[in-house]
Participant: 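For reference, the structure I am asking about is given below.
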Amino acid sequence: MKYLDEFSNPELARKLLDQIHAATTQPWAMMEVCGGQTHSIIRHGIDQLLPEGVEMIHGPGCPVCVTPLEIIDKALAIAERPEVIFCSFGDMLRVPGSQKDLFTIKSQGGDVRVVYSPLDALKLARENPDREVVFFGIGFETTAPANAMTVYQAKRLNVPNFSLLVSHVLVPPAIAAIMESPTCRVQAFLAAGHVCSVMGTAEYPPLTEKYQVPIVVTGFEPLDILEGIRRTVVQLEAGRHELENAYPRAVRAEGNPAAMEMLRDVFEVTDRSWRGIGMIPGSGWKLSERYADFDAEQRFQVTDIHTDESPICRSGEVLQGLIKPHECAAFGKECTPRNPLGATMVSSEGACAAYYTYRRLELVEAR
Amino acid sequence: MTPNDLDFEGWVCPAPLRDTPAIVMGHGGGGAMSGELIEQLFLPAFGSAARADLGDSALVTVDGARLAFSTDSFVVKPMFFPGGSIGDLAVNGTVNDLAMVGATPLFLSTAFILAEGTELAEIGRVATAIGKAAEAAGVQLVTGDTKVVDSGSGDGVYVNTAGIGVVPAGVDINPTRATVGDAVLVSGDIGVHGIAVMSCREGLEFGTTVVSDTAPLHGLVADMLATGADVHVLRDPTRGGVAATLNEIARASRVGIELVEADLPVPETVRDACGLLGLDPLQVANEGKLLAIVPADRAEEVLDAMRRHPLGQGARRIGSCVADHPRMVVARTGLGGTRVVDLPIGEQLPRIC
């Protein structure tokens with residue numbers, strides 16, 4: 001993909017880095033919202049190249065990380081049933097519930113399958129009319145349209161043996177929740193580019209106004225991220241707090257109207273718990289009344305499963321940048337990438353998991 | 001010692017096997033979980049009968065002859081994929097394990113575990129592929145076995161091969177010999193086999209022109225050894241990819257390994273597929289590539305010899321063994337930052353976004 005290579009050109013990256021260094025006169029703490037951005041920052045070592053004092057706080061935008069334990073436990077209870085083919089994106093398989101993970105269910109004879117698209121799960125449902133096919137529909141506004149389309153198709157094509165276990169979450173309420181926190185250190189946000197390519201940017205100016213923070217819609221390739229950081233620093237240094245779109249090749253202000261219409265039809269806003277953070281009002285989607293028949297929670301009667309998060313996990317504080325991962329007592333002991341307690345250790349995109357890897361290098365170098 | 005005597009409580013953090021009381025797919029992924037299974041269950045259970053240095057092949061001396069001995073089982077799904085089949089892998093996999101200690105592979109055994117109901121025509125296609133691959137590699141199929149399991153207990157065709165080869169005098173290739181200053185070489189494009197197989201796996205089908213690189217590598221190894229260079233380490237980076245293999249070498253040799261990301265030969269098709277699936281090309285399997293660790297002053301000479309061989313035309317240097325960060329693999333990124341290249345934990349999983 002030539003179009004992508006241009007966005008990781010080292011010479012252009014150097015120029016952007018020089019501009020960031022030139023613009024920075026004091027320390028700033030900014031949060032990249034999306035896990036994909038965190039991944040790219042760490043994958044390319046971008047955080048190591050920024051001016052000292054410009055701190056990237058890794059946000060709660062990794063869908064795997066923030067999916068609450070309770071939903072995972074519900075998924076496991078459904079996947080265990082002999083009549084069920086449980087379909088999921090790959091990286092959900094190793095996310096532990098309170099007792100086990102989907103891999104364990106699979107090893108015990110459960111029919112757990114990795115699919116790349118929810119429409120593949122619908123195809124499986126049509127091919128296996130005597131089985132119940134459930135898709136684990138998690139993620140932000142980015143993955144929601146495909147899930148909405150799948151449920152819409154299931155209804156239109158009358159596929160009664162398909163259902164969706166929904167745990168969708170929304171970015172703007174999370175930004176508000178972070179800013180409302182009395183101990184918040186975040187001074188600016190790199191907004192998640194692909195969320196905005198679906199939803200547009202209209203939800204953000206009220207946030208920049210209310211909380212007086214710059215929000216820069218940012219992409220995922222190295223140059224995209226550096227450009228997002230550059231614009232953020234320029235705003236912070238100038239004392240401005242505006243919405244900017246640094247990812248115009250994918251994001252239009254009005255978003256994707258067809259996708260938004262589908263989302264409005266299939267989903268409705270609900271309160272959601274975020275793993276490691278807690279309940280954020282109005283921060284998720286559930287299936288609307290029109291599609292309630294396709295709700296796996298109702299169909300398999302798992303609504304009564306309630307699970308508490310680990311009491312010793314401090315990932316909520318990590319997500320807000322209040323503590324560094326290694327300052328948590330459980331870090332590297334009870335909590336490791338293999339046996340994670342909270343959101344930020346779960347996925348390779350999470351701050352604790354990333355720090356676990358990097359800290360090891362720093363410790364070796366310090367010896 | 002029986003399995004009941006094992007001290008489950010003695011297994012230590014940070015990655016205790018006791019977390020999973022039963023086998024999960026990750027135990028077969030060639031990463032950290034596979035290693036734990038061997039080190040914490042098999043070796044203690046085998047007790048004093050175990051004599052394994054955990055390389056790809058065992059080296060044994062019989063009446064003065066140095067023999068390499070190796071075995072490998074093949075359960076790949078689907079059995080036929082772009083560029084090869086389970087039959088090609090069954091021969092080339094074991095041939096390559098032998099080649100990675102510098103051996104000339106001579107004899108293979110083949111054992112089949114067949115699921116009830118499997119079409120004879122399918123088994124015929126696998127067997128034909130085995131025959132052709134053995135002929136191409138110059139090895140003889142000297143013994144074998146066939147078992148059938150209930151439908152449902154197995155899945156199509158599983159193949160095990162074991163092989164014997166002879167190691168020329170003076171050759172000492174093993175994973176503990178990497179030394180600070182050595183050059184890290186790769187024989188060509190990485191990630192190709194894994195992406196080819198993944199492209200036709202159920203639920204992940206995507207269009208790609210990538211075909212598996214499965215090939216026997218002992219000819220290439222022979223040409224490298226013919227330069228007279230003291231090749232310290234050879235490994236074929238199969239499951240777990242280059243990342244897993246280099247981590248194993250770094251740990252076995254107690255050196256750090258530094259990769260230069262810009263020098264990694266990742267074909268565009270592999271990079272795009274990895275981008276799409278959220279995979280790291282360094283963790284994707286190869287079946288016809290080798291990693292070599294050689295003294296830096298002989299690196300160019302060895303590379304020249306590799307490039308003259310059809311299977312080494314894309315050979316290049318991708319990094320060095322360093323004194324910093326012993327037992328760890330670190331990559332210098334295209335932008336000038338660094339990142340740790342970790343041992344994959346279990347299976348490679350496509351990311352959600």
Side-chain angles (χ1 to χ4, degrees), chain A residues 1 4-5 8 10 13-14 17 34-36 39 42-49 62-64 87 89-94 96 100-101 103-104 106-108 113-116 120-121 124 138-140 142-143 194 222 226 332-334 336-339 347-349 356-358 360-361 364-365, chain B residues 13-27 32-33 36 152 198 201-206 256 261-262 268-269 271-273 275-280 324-353:
Chain A
M1 280 183 270
L4 276 188
D5 288 348
S8 49
R14 179 72 353 235
L17 279 164
C34 179
H39 188 78
I42 289 172
R43 169 82 181 66
H44 297 282
I46 290 172
D47 49 341
Q48 305 157 353
L49 304 171
C62 164
V64 176
C87 301
F89 292 131
D91 49 2
M92 286 306 290
L93 264 62
R94 71 161 79 96
K100 42 190 158 185
D101 58 20
F103 268 129
T104 314
K106 186 164 179 276
S107 74
Q108 291 167 349
R113 303 193 194 181
V114 172
V115 294
Y116 185 64
D120 292 338
L124 271 175
I138 67 148
F140 285 86
T142 29
T143 50
H194 290 157
L226 288 170
K333 300 187 181 78
E334 293 92 336
T336 66
R338 270 289 299 284
N339 190 13
S347 154
S348 58
E349 295 177 10
Y356 183 82
T357 308
Y358 276 86
R360 280 169 33 223
L361 177 57
V364 168
E365 282 178 344
Chain B
C13 234
L17 190 64
R18 60 172 173 249
D19 288 349
T20 54
I23 288 292
V24 296
M25 293 305 291
H27 286 121
M33 292 176 77
E36 284 160 23
M198 241 176 275
R201 198 165 269 179
E202 186 194 24
L204 285 179
E205 293 104 332
F206 55 90
E261 219 165 50
E268 204 171 310
T269 42
R271 199 180 35 184
D272 290 350
L276 189 70
L277 296 169
L279 303 176
D280 183 346
D324 294 341
H325 53 80
R327 304 163 67 93
M328 287 179 77
V329 183
V330 171
R332 191 153 295 284
T333 71
L335 302 188
T338 56
R339 69 171 174 123
V340 174
V341 177
D342 216 349
L343 193 65
I345 293 175
E347 272 202 302
Q348 279 248 285
L349 297 171
R351 275 212 331 268
I352 176 170
C353 72

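Just so you know, these numbers use all the heavy atoms, side chains as well, and skip hydrogens, waters and symmetry mates.
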Participant: Taking all non-hydrogen atoms of both residues, which atom of B:Gly334 and which atom of A:Pro10 are closest, and how far apart?
Facilitator: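 Reported closest heavy-atom pair: O-CB, 3.6 Å.
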Participant: Looking only at heavy atoms, what is the nearest atom pair of B:Leu335 and A:Ala13, with distance?
Facilitator: CD2-CB, 3.5 Å
Participant: Who passes side-chain contact (heavy atoms from CB on, under 4.5 Å) against B:Ala331, sequence neighbours left out?
Facilitator: B:Leu259, B:Glu261, B:Arg339, B:Val341
Participant: Which one wins on heavy-atom pair count under 4.5 Å against chain B: A:Asp47, A:Leu17, A:Leu49?
Facilitator: A:Leu49
Participant: Under a 4.5 Å cutoff for heavy-atom pairs, which residue among A:Gln108, A:Arg14, A:His44, A:His194 has the most contacts with chain B?
Facilitator: A:His44
